[in-house]
Every structure is written in C-alpha cells, then in structure tokens.
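A quick write-up on the structure given underneath.
No hydrogens, no waters, no symmetry mates; every other heavy atom, side chains included, goes into these values. Remember, it's a predicted structure, so these values are computed and weren't measured experimentally. Residue numbering restarts at 1 for every chain, and letters A, B, ... go by the order of the sequence lines.
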Protein chains: 2
Amino acid sequence: MTKSKDDTIAARIGKALADRIIAGTLEPGSRLGQDHIAEEFGASHVPVREAFRRLEAQGLVVSEPRRGVRVASFSMADVKEVAEMRAALEVLALRHAAPHLTPAILDAAEEATRAGDKAGDVQAWEDANRNFHRLILNPCGMPRLLASIADLHMASARFLFSGWRAEWDAPTDRDHRAILDALRAGKLDVAASVLARHVQWVGRKPR
Amino acid sequence: MTKSKDDTIAARIGKALADRIIAGTLEPGSRLGQDHIAEEFGASHVPVREAFRRLEAQGLVVSEPRRGVRVASFSMADVKEVAEMRAALEVLALRHAAPHLTPAILDAAEEATRAGDKAGDVQAWEDANRNFHRLILNPCGMPRLLASIADLHMASARFLFSGWRAEWDAPTDRDHRAILDALRAGKLDVAASVLARHVQWVGRKPR
DNA sequence: CGGCGAGAAATTATAGATAATTTTGAATTT
DNA sequence: AAATTCAAAATTATCTATAATTTCTCGCCG
C-alpha cells in the first residue's frame, strides 16, 4: 500500500537523488552521468533520464542538451529569491488555511515546534520545521500551491544544509510560537506578517 | 542559433503537446498513449515519455504509474487557485522589476496593450496580454520566479481558451493602462494592487 | 439478465543496442 | 612553449526489443 508514489524505478531514483542533493552529499556543479547512476541503482539509463526531467523541473539540476546534467548551483541571490517566493506563497496558503485550522492542528504544530527545540542537529531541526509549516498550510486545500511551496522548501533546505549556515538559532522557533499565538487569537494579519518575515530568515547572510 | 531550447526531440514533442493542451485541441481528461504520439512525431516512445515528465511538472498532464497519462482536467477551484498564485507572484515580480523599468519598456508595454485592443480573436488577445506581463515583469531578474509565473500563465491561458469564457471584455485592457499610469507616476503600491486584481479577473465565473 | 473470471490484446515500463555528439589527448605546426 | 588539428574515447540521445501490468472481451455461472 506504500506504492502509489515511488512505484516506478524512475520515481525512486528521482527521490534518492533529490535527497542527496538537498543534503549536500552531491555537491553543486557536480556532473551526473546517466550510466554511472544507472549502474549504481542497478537499472538502465532510461529511468534515470526520466528522473532527471523531474529534478530539472524542481530546479535541483540543470541540463544542457547533449552535454549532460549537473547539480544546480545557487548563489545568494537565488536563496533570497526562493525565500521571497516562499513568503508570498506561504502567506497566501495561510490565509486560505486559517478558516480550517482546528485546535487539534494548532496543538500538533506546537508539538512540532517543541520537537524543533529539542533537535540535536540541523537535519532534525529541518524535519520539525517542515512539519510545522506543513501542518498549518495543508488545510488550505490548494494542491498546486502546496506543491510549489514544497519545491521551494526543498531549495531552502539545500541552503540550510550547505554549510553556509552552520548555526541555526532560536529566533525561528520564537516565530513559530508567535504565529500560533496570533492564529489562536484570530489575528490572521499578524500571523501572516510574522510568517513572511520568518520564511525570509533563511535568506539572510550568515556569519 | 535557435537551437538551445528545442534541440532534443523530447523538448520539441513536449512543446508541441503543451501548445495543443493550452489551445484546447487536446481535451482535458483525454488519454495520451505514448506509442500513438511517438508514431505521430516519427519518433520512438522514449523521448515521448521524457516530454511527459516535463508536462507533468507543469501541471498540464497527470500521470498514474503504469496506467498512462491524461490531459489534466481543471475545475473552477483550480482556476481560482492559479489566479491567486499569479497575483501573489506577479506582484512580487513587479516590486522587484519596478526600479529597472525604463520609459522605453513602458512604451513597449503600452504598445502591447494597443495590440490587445486591436486583437480579433482570443488567441491574438492572449498573445498581447502575455507580452504585456512579460515586458513589465522580466526586468525583475529573478529567473525561478519568472519560470513559475510562466507556468501559471499557461494554466490561465488554458482556461481562457476552454470556452468557459467565450467573451473577453475591455476591463483588462483598462487595467493595463492603469498599471502603466501608476508605474509612470511612481505609485508602485497602486500598480501592484491593480495588477493583483487584474490577474484574478480570469478567475471570475463567466456568463 | 447481470456479475465474474480467464485469457487475449493493448499499453506501460525497463532493458539492451545503436547512432550522434562532445570531450579528451596526443601529435604537429608555428 | 603555445596553439591547433584530428582521431579515439566517453557520453548523451534515440531506437528497437522485451518484460510486466492493465484493460478488454467473451463465455460461463448464479
């Protein structure tokens, strides 16, 4: 029953590569040879090429016709761009999700925030962070919007894991609580503006 | 020199199919058999499958593993969702493009508006409309944002051509002029709010 | 008369093979 | 020594073939 998504080999390879790119295991700019990857996964290169197309659409790789595909590199400007897009779209999602937010959902989001506080490494913190955003935004019931946000979130996470930002501080988790408080108080505008600022935190220059 | 984009067969097929889906030649829900399409383009089904992946990422087709792909159908809710996403993202793009807008660009945008007025059919009007938006947004210099907007614009155009809206009235072109006036007067907030409203016009119920 | 299999036909997904293009590298020339 | 050319090697893109899955059809049974 856990086979509706990564059923095809292409989907499985695509997901595996995405994970590595986000985690930074595959470095920006590095070449992805289709035969090499096919061999590693014990498959032919056809599903590998199909996986490439999806990754390309997600902005995780760049492909030059007949010259191969490489892991997408990103600049500070790219990071800021993604952060601003997230701010715009997540605010939109929140405005539509708000009427459907139940106390149970808000409690779950608070629990996710606590998990983030207890996180020992960046990976665990990011998992909790993603969970928080997913919980409060999913009820908007706009699938295309949520898919776009998920892609942008991946790009943000890449940056977070890239070492540019070795530190991850408390302010974001304070933001989470401020968002929850505002939502509980019915102050949607406040929640939205905190969310917008919060999302762009990752786009700030480190060090 | 016109070969950096649709160089591969897969890209060419993808673009051709996208055009047909947007124009409505391929109806929502209709099945796309890989062999059938491959034969039509005088190719094998492998590049066809790669084209499918890109179309899937753009939301133009939906693919169920081992069950084929069909032209994505869309509901009124989908149209509204796309319109709201466009509003959010185009406003963001406009805010970043504004500082780089030159009189020459604004004149070109006005010319595009006139072309829209003179348009005899929906197709010509949509071409002019897309041109207007492209002209005033491209200078934002945010490639990922512009790519997302382009995808959303395709979805909007699909709706426009779908027959749900056989009429296309003047108000949009009045909006175009209001946006240009506001930009020329340096009233960015006004331009942004008119743009947001303008984009969502297509999401209104026809008849 | 309507559901229910079993087998056939059609279709998708993957593999293996081939053609075409780019990259590499060494020999040659200036 | 640097630049250039040209052939070999590597890699991508596509095609043809095969395996696996779904859909269809038709006869059978309730």
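Annotation for A/Glu27: atom CD does not count as buried by contact number, only 12 or fewer foreign heavy atoms lying within 6.0 Å.
Classification of the B/His133-B/His153 ring pair by plane angle, with boundaries at 30° and 60°, yields perpendicular. Using the six-membered ring where Trp is involved, A/Phe132 and A/His176 have ring planes that are parallel, under 30° apart on the 30 and 60° scheme.
With salt bridges taken as basic N to acidic carboxylate O contacts below 4.0 Å, none links B/Glu50 and B/Arg53.
When all heavy atoms of B/Leu55 and B/Gly14 are compared, the pair lying nearest together is CD2-O, 3.6 Å.
Rounded to an integer number of Å, the gap from CD1 of A/Ile37 to C1' of D/dA10 is 16 Å.
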Reading nucleotides 11-20 of chain D from 5' to 3' and marking B where a protein heavy atom lies under 4.0 Å of the base, S where only the sugar-phosphate is that close, and - otherwise, the string is SBBBBBB---

